[in-house]
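See below for the structure under consideration.
Just so it is clear, the model here is predicted, and its values are computed rather than measured. Naming convention: chains lettered A, B, ... in sequence-line order (proteins, then strands); numbering from 1 in each chain.
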Amino acid sequence: MEKTFQPADIETRWYQQWEASGYFAPQGGERAYSIMIPPPNVTGSLHMGHGFQEAIMDALIRYHRMCGYNTLWQVGTDHAGIATQMVVERQLAAQGISRHDLGREKFVQKVWEWKEESGGTITRQLRRLGSSLDWSRERFTMDPGLSEAVQEVFIRLYREGLIYRGKRLVNWDPVLHTAISDLEVVAEEEQGQLWHFNYPLAGGEGHVTVATTRPETMLGDTAVAVHPADERYSHLIGRMVALPLTGREIPVIADDYVDREFGTGVVKITPAHDFNDYEMGRRHGLPMINIFNDDAAINDEAPEAYRGLDRFEARKRVIAEMDSLGLLAKVDAHTLRVPRGDRSGVVIEPYLTDQWYVDAREMARPAIAAVESGAIQFVPKQWENTYFAWMRDIQDWCISRQLWWGHRIPAWYDESGHFYVGASEAEVRADNALADDTVLRQDEDVLDTWFSSALWTFSTLGWPQETPELATFHPTSVLVTGFDIIFFWVARMIMMTLHFRQEVPFHTVYVHGLVRDAEGQKMSKSKGNVIDPIDLIDGIDLESLVSKRTAGMMQPQLAARIDKATRSQFPEGIAPYGTDALRFTYFSLASTGRDIKFDIGRIEGYRNFCNKIWNAARYVLMNCEQQDCGGDGGVELGLADRWITSKLQQTTAEVTRAVASYRFDLASQALYEFVWNEYCDWYLELSKPVLWDEKASAAAKRGTRQTLLHVLETTLRLLHPFMPFITEEIWQTVGPMAGKTGPTIMLQPYPQPSHKGVDSVANADIEWLKGVIVGIRNIRGEMNIPPGRELPVLLRNGNEQDRSRLEENAQFLKKLAKLGDISWLPPGEEGPVAATALVGELEILVPMAGLIDKDAELLRLRREIEKLEKELARIRGKLGNASFVDKAPEAVVAREREKMQALQQALETLQEQERQLRQL
RNA sequence: AGGACUAUAGCUCAGUUGGUUAGAGCGCAUCCUUGACAUGGAUGAGGUCCCCAGUUCGAAUCUGGGUAGUCCUACCA
């Protein structure tokens, strides 16, 4: 074995072997356990958030696989309509080609080519993370099978009246030329202006003043509105206003929606370009004048002077024109929330178009009930509130997108605009008895990518066919996801699955936090603070990191800043830490919070932890290979052996409990603590005096070796779901030595906690031993006595148990605390001048002669005494309180009394010691 | 505007049903290349548990109010 752990050597080797051996596929068994991967964008790459999520899923999957479940982790990717189409369009644009130059068919062909070319990135990354996905069942949302499912769902929902087509206001992206759903719009506060325009009253006596943040929309105004109870304007209701610039006259209407306090209390109404105005327009039967084209440039409905102008250019012109007419009353600075497309970043326009919708309200009802009844549970539970809040106020879902990349809507139009929904043109003709010469044209639009993702849990298993996989693995066990897509994905999956399968898609939704950078900033390409998980595994030099982060930046000044920040944050680049360390870091951060700040410092600690495991194994092998480890003859198990076995049981119970409650941070902490602070720090040290003692019995040595191996082997299995690679590598050697057979640790049984395993006698004895050793080390450490120097020790005032414990453990004490002679001070005999440590009543005296400075020891005693005095005072106060003694439970009071007695005694001893020292 | 979450050591975070001397890792200080590991060992310093009030014999923990931060939802032109 190498002296230090070298992850790079072993990781890919083991992964290939596991995959080639088919270990990732379901292994059969009574109980099924399944997880569907949230499908990443096929043309994207994994970021830290993915890495986190995959690690959690893999831990769950490996854990349950080892527990004997028939385990499926379904892998697959998503076609990511808008994102992917944008990427390919950008590539074409670089060659001066637009998708329209190519035409639909060729463009889609290009996208498929790009998918083939880039699709490997994700799957490569998933493998590097150690994810034990069943690659033989890999799916893609645009696969024939999944496409069939999409079509089936669309047609059935349409026939059930749950999908409809309608002319509505949608969120229109004027750059991408598509509608997007409410969820794909992000509204951030931006600094803008509020323009006040005077609209003259028809008839020429005065005006009303309206305020707007989007002056250009006045060209489409069809009314102005006031509050019905607003006395200032009640006389105007029903009168007409001369809309400037257009020559149109529009009515003054009254509507409750108007806020009398805001602006002038008069609102211009543009039903075709504002969601609220749209509703009001419908209430009042107002005409809807659409003034934009698909680019959000002014169309022919507007006065000639504005036609063809971009919306922002038109805005300037409108303002200038109003100003010159003397109708611009004032301009205020105004903060408003500007809606932007989450992909394109451009300002979204409410735009009147024909789109397809899902009647979400209808489908939400059972979906709400499923969570209310507990059929689906969120972890942590509070996310259920978020889910309910959204579901109870759900809006119809606009599912059509004006894109070329995606599932084309199975609807055909004849020349008079009638449409027919069906699986194919032929079927539509047959079903509707259309003549052969009727010209039909398929809907140009595709479906929202989330529409196909919503079917993911069952479409991947072969639906609409009733496959054995569906029967076995659906509903799935748990969905692991971030809270940011509860609405996008989780809610829609629940709705679709309940509707088409009459069962839930998953029993549990585990919602994890979002990975942020060390400052708590969201990781994003434009901020340049993204870390590629692979770079943490393999390491990356500074120059490569800088160029990776600044590549393809549109704004050079941004690149310069990122360059600088990266250099200061990672002056040495990033060291290679390996997958196991990265994964363990993820687990340690996976608590219940919403944000996960990824501090690079932590991964280093867990790299060290890997090394610790590695070296512990090295030690075990050095001492056990070619040795009798309990195979021949009997074994004798000493105190240390019984103790570490007991601790192992406790750890097993803790880890099992933690995994059951999705507390991977607690699981990883329990494992870390056990391996490092118990097994390595104490047990390995305690094994040395046995193994290296020529006088120790062969049976004791066998017992120690057996325990070393048994505990290590069990620990490896406990650790395996969290650190798959290092555990497999070591287990290959250690497993057989511990009597295990089998080709891989992956398929070994997971350790189960047993009640009889906890040995409280051994625990207490070792605690005593540790107390003595730490007491002496403390003196050594504080007095700067070199660790190599043997110390003589005198004991005083111990009880019978102290005496027997000493007798049994003298050799351990001598070795671990580096002691020379240990002897009891006869009663009544005055000992030498000494430094003191206390373990219960037992006094441990380290003679100071030539070793210890008197003042230093006095100082040390003083500190200790003060600490005890403070604590004693606190407890005395407590016990002096009559109502405490009366009302607190018996056991609590008794414990406090015991504590007080122990403290008093310790204090007296130390004070006596101090007196003696002073007298010198 | 409504709601959620967060606030504990210099930093990142644990702290189960109220009773702990409030913990861990990293960092820091001192010492140490003893034969698993310097990616190591030993020891130590470091806390007004955000603030105020309440419930209680007892509050980091429960309740109410406040402050700060993060986020989500919402129709303010």
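Lys522(A) comes within 4.0 angstrom of nothing in the nucleic acid, heavy atoms only. When heavy atoms are screened at a 4.0 angstrom cut-off, Lys878(A) is found touching the sugar-phosphate backbone but no base atom. Within the nucleic acid shown, Glu685(A) comes within 4.0 Å of at least one base atom, counting heavy atoms only. Note on Trp195(A): nothing from the nucleic acid sits closer than 4.0 angstrom, heavy atoms only. Looking at heavy-atom distances under 4.0 Å, Arg777(A) makes contact with sugar-phosphate atoms alone, never a base. At the heavy-atom level, Trp383(A) lies nowhere under 4.0 Å from the strands shown. In this structure, His334(A) reaches the sugar-phosphate backbone alone: every heavy-atom distance under 4.0 Å involves primed, P, OP1 or OP2 atoms, never a base. Using a 4.0 Å heavy-atom criterion, one finds that Lys597(A) contacts the sugar-phosphate atoms exclusively. Among the atoms of the strands shown, none is found under 4.0 Å from any heavy atom of Thr386(A). Among the atoms of the strands shown, only primed sugar atoms or phosphate atoms (P, OP1, OP2) are found under 4.0 Å from some heavy atom of Asn881(A). If you check every strand for non-hydrogen atoms under 4.0 Å, Cys680(A) touches a base.
Evaluation of the salt bridge (Lys or Arg N to Asp or Glu O under 4.0 Å) rule for Arg897(A) yields no partner, not counting sequence neighbours. Qualifying ring pair (Phe, Tyr, Trp, His ring centres under 6.0 Å) partners for Phe609(A), counting only residues two or more places apart in sequence or in other chains: Phe584(A), Tyr672(A).
Within residues 659-672 of chain A, the residues having any heavy atom closer than 4.0 Å to RNA chain B are, in order of number, Arg663(A), Leu666(A), Gln669(A), Tyr672(A). Shown for residues 887-897 of chain A: residues whose heavy atoms fall under 4.0 angstrom of RNA chain B, namely Lys887(A), Ala888(A), Pro889(A), Val892(A), Arg895(A).
A salt bridge does not link Asp230(A) with Arg260(A): none of the charged nitrogens is closer than 4.0 Å to a carboxylate oxygen. Glu654(A) has no carboxylate O lying under 4.0 Å from a charged side-chain N of Arg657(A), or vice versa, which leaves the two without a salt bridge.
Within the 3.5 Å criterion, the main-chain N or O of Ile726(A) finds a donor-acceptor partner in the side chain of Asp580(A). When atom types are taken as modelled, the side chain of Thr264(A) and the backbone of Thr209(A) share a donor-acceptor pair closer than 3.5 angstrom.
A donor-acceptor pair shorter than 3.5 Å can be found between the side chains of Ser181(A) and Glu184(A). Neither side chain, Ser588(A) nor Asp665(A), offers a donor N or O lying under 3.5 Å from an acceptor on the other.
Taking 4.0 Å as the cutoff to heavy atoms of chain A, we find the contact window on RNA chain B bounded by A4(B) to A77(B).
Base-pairing analysis of RNA chain B finds the following stems of at least three consecutive Watson-Crick or G-U pairs, with both pairing distances under 3.5 Å: B:1-7 with B:67-73, B:10-13 with B:23-26, B:28-32 with B:40-44, B:50-54 with B:62-66.
Ring pair Phe664(A)/Phe587(A) is tilted by interplanar angle, where 30° to 60° counts as tilted.
Comparing G23(B) with G47(B), their C1' atoms sit 11 Å apart, to the nearest whole Å.
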